[in-house]
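Encoded as structure tokens, the structure appears first; notes follow it.
The sequence lines fix the lettering, A, B, ..., with proteins before strands; numbering per chain opens at 1.
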Protein chains: 2
Amino acid sequence: MITDQEEISRRLDIKGYRLTKQRRAVLKVLQSTISHPDANSIYEKVRKEIPHVSLGTIYRTLGILKEVGLLRELDYGSSLSHYDANAENHPHIVCTNCGRIDDLQSPLPDNLEEQASKATDFLITDHRLEFYGLCPHCRPSSAD
Amino acid sequence: MITDQEEISRRLDIKGYRLTKQRRAVLKVLQSTISHPDANSIYEKVRKEIPHVSLGTIYRTLGILKEVGLLRELDYGSSLSHYDANAENHPHIVCTNCGRIDDLQSPLPDNLEEQASKATDFLITDHRLEFYGLCPHCRPSSAD
DNA sequence: ATAATATTAGTAACGATTATTATTATGGTT
DNA sequence: AACCATAATAATAATCGTTACTAATATTAT
Ligand SMILES: [Mn+2]
Ligand SMILES: [Mn+2]
Ligand SMILES: [Zn+2]
Ligand SMILES: [Zn+2]
């Protein structure tokens with residue numbers, strides 16, 4: 001997670017983007033949570049600081065921060081996207097009951113792309129690994 | 001891929017669903033391609049046999065066939081879903097340029113869920129592994 | 001045949017995201 | 001400080017894949 005203001009400004013500058021208070025606020029929300037909020041949840045939090053911010057600005061900002069590598073978008077199918085201030089590729093575990101998304105703490109095989117390259121003519125540049133299941137609150141307890 | 005008519009009928013019957021000609025047609029389209037078509041592409045193909053079929057029927061049918069385990073839905077983020085008559089979990093490789101989706105031929109680590117279980121309190125029931133890159137038609141050729 | 005149930009085509013509604021636009025803010029230049 | 005070029009914003013409208021609704025039709029059981 002990149003928190004250094006110099007580096008953040010630098011990355012935006014390169015593309016001619018400015019570091020506005022709206023963008024600072026979005027980044028702050030993302031960097032102060034371990035959850036992986038969706039655009040609307042970020043919107044609600046930013047509104048507490050900037051009441052007249054618009055949802056369009058949230059989406060535009062998320063797009064730009066993603067473009068300069070300050071966040072990663074987690075695209076969950078026909079449902080909504082979630083965002084992660086950790087732009088490094090890392091596996092997640094999603095609760096199919098309540099939607100909670102956690103990082104998977106132990107790193108998994110790091111050579112997946114290399115392995116896959118041997119089995120295809122595609123030039124592999126990225127991958128996505130996610131697990132699905134029930135979080136501690138949603139899984140049947142041992143007492144059930 | 002399940003092609004046995006008995007088994008197909010049986011799976012639908014259990015939930016009280018009927019095997020109509022629309023559903024047969026959707027399944028046939030899916031089972032006769034190695035691509036992973038989206039709903040609209042399936043719709044276009046089914047229309048050649050059943051000109052007045054409606055897109056809503058395609059979606060409803062896909063939902064039902066998925067529910068009874070006769071296909072798998074591949075949810076590609078904010079873009080549209082694709083469908084696969086192979087309902088077994090298996091990795092795919094997606095071209096980020098033209099959208100082509102291939103199966104990854106060589107099987108990858110089959111104990112991913114088991115490994116992940118050790119690193120989380122979630123009860124893991126499924127996972128998703130996808131690779132992204134450029135297909136042979138879109139990758140820069142050696143002559144470039 | 002009759003009745004109960006499931007399915008369909010057609011169309012309207014939904015909802016997340018993106019585009020548009022007039023206005024405002026920012027940064028650099030004289 | 002005034003000026004200009006450019007970028008960003010708020011507010012709103014549009015997009016588009018998908019789902020829901022509904023009246024008509026088909027299928028199955030009695
Ligand atoms: Mn994460
Ligand atoms: Mn496949
Ligand atoms: Zn949960
Ligand atoms: Zn391609």
For nucleotides 25-28 of chain C, which of its nitrogen or oxygen atoms have a protein nitrogen or oxygen under 3.5 Å away, and what is each distance?
| from | atom 1 | to | atom 2 | distance (Å) |
| --- | --- | --- | --- | --- |
| C:dT26 | O2 | A:Arg18 | NH1 | 3.4 |

Q: Using the closest heavy atom to pick a nucleotide of DNA chain D for each, name whichever of B:Leu55 or A:Lys21 lands nearer the 5' end.
A: A:Lys21
(Q) Measure CD/B:Gln22 against C1'/D:dT25 and give the value in whole Å, please. (A) 11 Å
Q) When the distance from CG of B:Leu74 to C1' of D:dG17 is rounded to whole Å, what number comes out? A) 16 Å
Q.
Is it the case that the side chain of B:Asp103 and the backbone of B:Gln105 share a donor-acceptor pair, with hydrogens and angles ignored and the cut-off at 3.5 Å?
A. no
**Q.** B:Arg128 (side chain) donor-acceptor with A:Arg128 (main chain) under 3.5 angstrom
**A.** no
Q | Position toward the 5' end of DNA chain D (nearest nucleotide), A:Ile64 or A:Gly56 | A | A:Ile64
Q: State whether A:Arg11 and A:Glu7 are salt-bridged, where the test is any N-O pair (Lys NZ or Arg NE/NH1/NH2 against Asp/Glu carboxylate O) under 4.0 Å.
A: yes
Q. Take atom NE2 in A:His137; do more than 12 heavy atoms of anything else shown fall under 6.0 Å from it?
A. no
Q) Considering all heavy atoms of both residues, which atom of B:Tyr17 and which atom of B:Glu67 are nearest to each other, and what is their separation? A) OH-OE1, 2.8 Å
Q) Tell me: CD1 of A:Ile50 to P of D:dA11, nearest whole Å? A) 12 Å
Q) Quick one: B:Leu80 CG to D:dT15 P, roughly how many Å, whole number? A) 18 Å
(Q) What is the separation between atom OH on A:Tyr59 and atom P on D:dT15, rounded to the nearest whole Å? (A) 18 Å
(Q) By the 4.0 Å heavy-atom rule, please label A:Arg23 as base, sugar-phosphate, or nothing. (A) sugar-phosphate
Q | Per B:His52 side chain, nearest of listed nucleotides C:dG10, D:dA10, D:dT18 | A | C:dG10
Q) A:Arg60 has an atom CZ; how far is it from atom C1' of C:dT21, in whole Å? A) 12 Å
Q: With sequence neighbours excluded, tell me which residues meet side-chain hydrogen bond (donor to acceptor under 3.5 Å, both in side chains) with A:Glu49.
A: A:Lys28
Q. Between B:Ser81 and D:dT18, does any side-chain N or O lie under 4.0 Å from OP1 or OP2?
A. yes
Q) In terms of ring plane angle, is the pair A:His36 and A:His92 parallel, tilted or perpendicular, where the classes change at 30° and 60°? A) perpendicular
Q: For A:Gly63, answer base if it contacts any base atom (sugar-phosphate contacts may also be present), sugar-phosphate if it contacts only those atoms, and nothing otherwise; contact means non-hydrogen atoms under 4.0 Å.
A: nothing
**Q.** Interatomic distance where CD belongs to A:Glu73 and C1' belongs to C:dA16 [whole Å]
**A.** 11 Å
Q: Look only at the side chain of B:Arg139 and the backbone of B:Gly133, and say whether a donor-acceptor pair between them is shorter than 3.5 Å.
A: no
**Q.** Close approaches to DNA chain C from residues 29-47 of chain B, in residue order (heavy atom, under 4.0 Å)
**A.** none
